[in-house]
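Okay, so here's the structure we're looking at.
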Amino acid sequence: MGFDEEWAQLRAAAAARAASPPAEAPKPAGAPAPAGVRTDPRDVAHEAAGARAAEFRGRVVLVPLDERGGLWTAELGGLDWICAFSDEDALARFAEARGEAEREWPYRRVAGARLLDEVVPALDFPCGAALDAAGPDGAVFPPVRGIVPDAVALDGEVAV
């Protein structure tokens with residue numbers, strides 16, 4: 001199974017888990033939400049994505065190197081992604097999923113913020129970052145406003 005298929009299966013499983021209702025007691029109809037608690041699923045998802053991006057920015061990740069010594073990327077969904085891993089175990093799972101566990105995977109330690117704020121803008125093609133691609137807690141950080149600098153974001157200019 002290739003990277004694209006593996007990633008698609010993992011993301012589909014995560015989406016199914018996220019779509020499942022939480023195991024908590026139902027609230028009576030018309031009961032107000034506690035103060036300060038967001039109830040719109042879009043707001044909740046936006047906050048969770050922002051928190052995950054902030055967590056990524058604040059950590060050092062491992063990025064495998066390609067045969068030329070550059071940061072290793074993979075194409076998924078018509079976009080290139082810099083593959084980053086939270087630790088050597090996550091990188092090993094990725095290598096195993098690719099059927100390449102026997103080969104050496106040289107890598108570089110890079111701050112997540114540096115990947116999004118410096119590396120992605122320096123590229124001459126649109127690119128995002130994928131964290132722990134072969135793991136159940138993987139995440140993608142696409143090149144959109146709020147994740148990468150606005151000048152290289154694919155979702156247009158900042159409204160003035």
Side-chain angles (χ1 to χ4, degrees), residues 1-24 38 41-155:
M1 175 182 308
F3 172 81
D4 293 348
E5 294 85 7
E6 176 78 14
W7 186 254
Q9 285 181 355
L10 290 170
R11 298 310 325 146
R17 285 193 309 272
S20 299
E24 56 181 63
R38 299 216 183 244
R42 293 172 293 191
D43 290 339
V44 172
H46 189 267
E47 285 182 11
R52 189 75 191 256
E55 178 186 331
F56 178 75
R57 288 176 162 287
R59 72 184 319 169
V60 173
V61 294
L62 311 180
V63 181
L65 302 177
D66 65 18
E67 61 279 351
R68 297 178 317 251
L71 300 182
W72 198 80
T73 62
E75 189 275 331
L76 177 65
L79 191 63
D80 284 280
W81 300 88
I82 297 169
C83 295
F85 300 91
S86 55
D87 55 35
E88 288 180 346
D89 289 339
L91 176 55
R93 282 191 301 274
F94 178 74
E96 182 69 33
R98 292 182 53 81
E100 299 181 47
E102 314 79 41
R103 81 169 181 89
E104 183 180 344
W105 283 80
Y107 61 83
R108 196 168 203 198
R109 294 180 192 278
V110 183
R114 185 166 188 213
L115 277 178
L116 298 176
D117 296 339
E118 296 175 28
V119 175
V120 168
L123 298 172
D124 60 357
F125 55 90
C127 190
L131 177 65
D132 295 339
D137 295 324
V140 293
F141 304 99
V144 296
R145 287 184 292 169
I147 295 186
V148 299
D150 293 344
V152 296
L154 295 178
D155 57 343

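At a threshold of 4.0 Å, the pair R93-D132 does not count as salt-bridged, since none of the basic side-chain nitrogens sits closer than that to a carboxylate oxygen.
Residues meeting the ring-ring contact (aromatic ring centres under 6.0 Å, His included) test with F56, sequence neighbours left out: F141.
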Stepwise side-chain contact (heavy atoms from CB on, under 4.5 Å) test for L154 and L79: CA-CA 11 Å; L154 295 178; L79 191 63; 4.0 Å; yes
In sequence, state the C-alpha distance, the side-chain angles, and the governing distance for F85 and W105, and then conclude on ring-ring contact (aromatic ring centres under 6.0 Å, His included). CA-CA 12 Å; F85 300 91; W105 283 80; 7.8 Å; no
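Judged by distance alone, the side chain of R57 and the main-chain N or O of I147 form a donor-acceptor pair under 3.5 Å.
Across every non-hydrogen atom of A153 and V148, the tightest pair is CA-CG2, 3.9 Å. Counting all heavy atoms, side chain and backbone alike, V152 lies closest to P121 at CG1-CA, 3.7 Å. Contact record, D87 with L62: C-CD1, 3.4 Å, taken as the closest heavy-atom pair. Nearest heavy-atom pair, C127 versus P143, reported as atom, atom and distance to 0.1 Å: O-CB, 3.3 Å. Taking both residues in full, the closest heavy atoms of V63 and A84 are given as CG2-CB, 4.1 Å, listed atom of the first, atom of the second, then distance.
I82 CD1 to L71 CG: the interatomic distance, rounded to the nearest 0.5 Å, is 5.5 Å. To the nearest 0.5 angstrom, Y107 atom OH is 10.5 Å from L65 atom CG. Atom CZ of residue R108 and atom CG of residue L115 lie 10.0 Å apart, to the nearest 0.5 angstrom.
Environment of CD in E96: sparse, with no more than 12 heavy atoms of neighbouring residues, nucleotides or ligands closer than 6.0 Å. Counting non-hydrogen atoms of neighbouring residues, nucleotides and ligands closer than 6.0 angstrom, the CZ atom of R114 reaches no more than 12 such neighbours.
Put simply, the side chain of E55 does not reach to within 4.5 Å of the side chain of L131, judged on heavy atoms. Here the side chains of V61 and R109 are not in contact, with every heavy-atom distance at 4.5 Å or above. Counting heavy atoms from C-beta on, the side chains of D117 and P149 come closer than 4.5 Å.
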